[in-house]
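Structure record follows, encoded as structure tokens.
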Amino acid sequence: MGNYRVCVCFSRKFKVTEAEPPTDVKEAFKKYGDGGNQMSAEQLLKFLIEVQGETQLTVADADAVVRQILQKRHPITKLARQALALDDFHHYLFSADLNPPINFKVNHDMNAPLSHYFIFTGHNSYLTGNQLTSDCSDVPIIKALKKGVRVIELDIWPNSDKDDVHVLHGRTVTTPVELIRCLKSIKEHAFSASPYPVVITLEDHLTPDLQAKVAQMLTETFGDMLFVPESDSLKECPSPEELKHRIIISTKPPKEYLEASASVCKDRRNSSQRSKDSEDDVWGSEPSSLTADQEENEKSDSDKSYEDDDDATHRGHVASAYKRLIAIHAGKPKGGLKEALKIDPDKVRRLSLSEQALEKAAESHGTEIVRFTQRNILRVYPKGTRFNSSNYKPLIGWMHGAQMVAFNMQGYGRALWLMHGMFRANGGCGYVKKPDFLLSVGPNNEVFDPKAKLPVKKTLKVKVYMGDGWHLDFKQTHFDLYSPPDFYTRVGIAGVPADEIMKKTKTKEDIWTPVWDEEFTFPLTVPELALLRIEVHEYDMSEKDDFAGQTCIPVSELKSGIHAVPLCNRKGEKYSSARLLMRFEFV
């Protein structure tokens, strides 16, 4: 760290000592191995059922685990024993592949209407970087789909000759990409990470002739994959299961073409309004400080008031071909928020609100938003001054039942880590069933009140034992030129305001394999929406602490017992080796 340690540390900077198993692991081995120095498959099974909560496993499963570990750890020596030594047992527990903290299978009911799910949603999915000058491309769309994102947003505009359709961020200097290219890439990659439906939300700035051209492109590109509703509007959303491998279009129904007015873009007019963004900090602000600037009254094109479609006159056949393909009608009826949140029993709608419009609405209309989202779709999008593609706090949307909390997937920072965390649930398929309390109606027609003070429902105890793998993922001098790193772990909860907290371990100096052995307790009032946040940093006395990994795990999916927690880089990509050994217990 400092100069005074140079001579002392120089000779040992490359030394990586392997930490021995923590006391809890030794004690578990002793208890379930009946005091011997080996653990059989039957004994391992007892441990897996009683400590790890794996009640569905059989002796055959445990036997397969034993053989897998022995083969991996002792590939050359044909071991006579078919049992684990203490080091083998510890290796198993500390393997992120063999002993992860959550399951990677779809485990939610997928037969409820689409409005009953949180959906992994992108904002301006075609941008490669910032919101003002970056290139438009199908590459970020492909990346998003491969990560399991299920809602892709495309802004569609006439090209300069007004005879074709481009995708670009309007009234900025982003370079365009052809719509047809984006549609072909969506078709090719839509279901590479998940079989469940992809929704394309269109921000439409086209003439009726070009809308007809888009209708043709959609029909020809997607064919039978395209979900076309039988009637003019959906009475209820179909389920993700019914819509497997289907593409759904959501946009405003067409109207008489109006030249887009510059007023829509007043939110981008003055860059001096720029809020303190995550550029200031490589990890981004703490999620609790990511609330929107209440003063900025910005509206996107999707949020403009317009009269309900039934009252509008269309250009006959040209508009109807396009309109027929719109499964989820978007738009905001005239008459303000109260009118916008009205529920039509015969029609499912999608409403779009900016992050700060949602915050304002939540102040006075919290329960109406929850009621609206029980059958209709609410999309929340980042405010217009997030030029550098940063993000906001997703929890306020989820607390109110918003299905589409739209994020800039090309950015990174703590808010995006929470988004990644939420959608690690349900096998990473991009659809997470909303908790029952957001969907239920009480005997007096009451719904969940996001502002209500709630009692503690569950307490999560988290023990951080140790970490390993950094010496394989980072250069020896990455953290410190002259000595091994000084790691500490931050662990806490993102969730409803009452549950949010961050705590941290002590710093372990000069060691690549730190052993903390510290326990933390988190009382949770809404465990269903809680995410366990984990970050590792390397303490630096003279400068800002270095980043050494992060992850977010949905508490509702967390397995009890001792598990290996793999860490990710700032972009949310998993490191090859860096991981923590932790214990989770619900009391």
Side-chain angles (χ1 to χ4, degrees), residues 111-119 121 151 197 199-204 227-240 242-243 246 248-256 299-314 319-320 322-354 357-358 360-362 364-381 397-398 400-406 434 438-442 444-450:
N111 291 297
L114 220 57
S115 57
H116 289 207
Y117 299 82
F118 297 128
I119 310 173
T121 301
V151 183
V199 181
I200 302 175
T201 59
L202 296 173
E203 287 276 351
D204 169 3
F227 170 73
V228 181
E230 284 166 23
S231 63
D232 240 12
S233 56
L234 283 178
K235 193 166 181 177
E236 187 178 58
C237 292
S239 72
E242 289 172 89
L243 293 168
R246 302 298 286 274
I248 300 162
I249 304 300
S250 178
T251 185
K252 290 184 298 185
K255 279 179 57 66
E256 290 290 332
K299 282 188 176 216
S300 88
D301 294 346
S302 68
D303 213 19
K304 276 192 295 184
S305 292
Y306 71 92
E307 285 174 330
D308 217 351
D309 190 58
D310 304 333
D311 309 325
T313 53
H314 300 308
S320 67
Y322 180 64
K323 186 185 173 187
R324 201 174 56 85
L325 302 181
I326 303 169
I328 302 169
H329 286 205
K332 187 173 173 184
K334 277 190 171 173
L337 195 66
K338 202 123 186 113
E339 205 59 35
L341 293 171
K342 268 199 176 152
I343 292 157
D344 182 342
D346 295 318
K347 187 176 180 181
V348 168
R349 283 190 299 121
R350 172 168 72 80
L351 176 67
S352 280
L353 295 175
S354 68
L358 174 67
K360 272 183 187 164
S364 50
H365 297 80
T367 52
E368 287 107 306
I369 299 170
V370 171
R371 197 182 299 278
F372 177 84
T373 58
Q374 290 184 339
R375 57 176 274 104
N376 295 288
I377 305 286
L378 176 60
R379 174 178 167 272
V380 185
Y381 58 89
W398 295 332
H400 290 84
Q403 296 86 349
M404 297 182 179
V405 177
K434 290 201 252 180
L438 282 171
L439 300 166
S440 57
V441 179
N444 303 314
N445 201 30
E446 72 274 16
V447 295
F448 173 71
D449 180 359

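In what follows, every heavy atom counts, from backbone to side chain, and hydrogens, waters and symmetry copies are set aside.
- Rounding to the nearest 0.5 Å gives a distance of 11.0 Å between CG of Leu358 and OH of Tyr381.
- In this structure, Thr121 contributes its side chain and Met404 its backbone to no donor-acceptor pair below 3.5 Å.
- Across all non-hydrogen atoms, the minimal contact from Pro238 to Leu234 is CD-CD1, 4.0 Å.
- Between Leu438 and Phe118 the shortest heavy-atom distance is CD1-CZ, 3.8 Å.
- Rounding to the nearest 0.5 angstrom, the gap separating the CD1 atom in Ile328 from the CD1 atom in Ile377 is 5.0 Å.
- Using a distance-only test at 3.5 Å, with no hydrogens or angles considered, a donor-acceptor pair links the side chain of Thr373 to the main chain of His400.
- Here the side chain of Asn376 pairs a donor or acceptor atom with the backbone of Arg349 at under 3.5 angstrom.
- Taking NZ of Lys360 as the reference point, atom CG of Leu353 lies at 12.0 Å (rounded to 0.5 Å).
- With no hydrogens or angles considered, no side-chain donor-acceptor pair links Arg375 and Ser115 at under 3.5 Å.
- The backbone N or O of Ile119 lies less than 3.5 Å from no partner atom in the side chain of Gln403, so there is not a single donor-acceptor pair.
- For the atom pair CD (Glu230) and NZ (Lys235), the distance works out to 13.5 Å, reported to the nearest 0.5 Å.
- For Tyr322 against Pro254, the heavy-atom pair with the smallest separation is CD2-CG, 3.8 Å.
- For the atom pair Arg350 CZ and Thr251 OG1, the distance stands at 6.5 Å (nearest 0.5 Å).
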Exercise for the section: Would you sort out whether Glu339 and Lys342 count as a salt bridge (charged side-chain N to carboxylate O under 4.0 Å, His left out), showing the intermediate values? Expected result: CA-CA 5 Å; Glu339 205 59 35; Lys342 268 199 176 152; 3.5 Å; yes
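- Panel note: side chain Tyr117, backbone Ser239; no donor-acceptor pair is recorded below 3.5 Å.
- A distance-only check finds no donor-acceptor pair linking the side chain of Lys434 to the backbone of Gln374 [under 3.5 Å].
- From Leu351, atom CG reaches atom CD1 of Ile369 across 9.0 Å, with rounding to the nearest 0.5 Å.
- Listed for the Arg371 side chain is a donor-acceptor partner under 3.5 Å among the backbone atoms of Asn445.
- For the residue pair Pro197 and Leu114, the shortest heavy atom distance occurs at CG-CD1, 4.3 Å.
- The minimum heavy-atom distance between Ala112 and Pro240, with the atom names listed, is O-CD, 3.2 Å.
- At distances below 3.5 Å, not a single donor-acceptor pair connects side-chain atoms of Lys252 with backbone N or O atoms of Asp204.
- Minimum interatomic distance between Leu337 and Ala361 (heavy atoms only, all atoms of both residues): CD2-CB, 3.2 Å.
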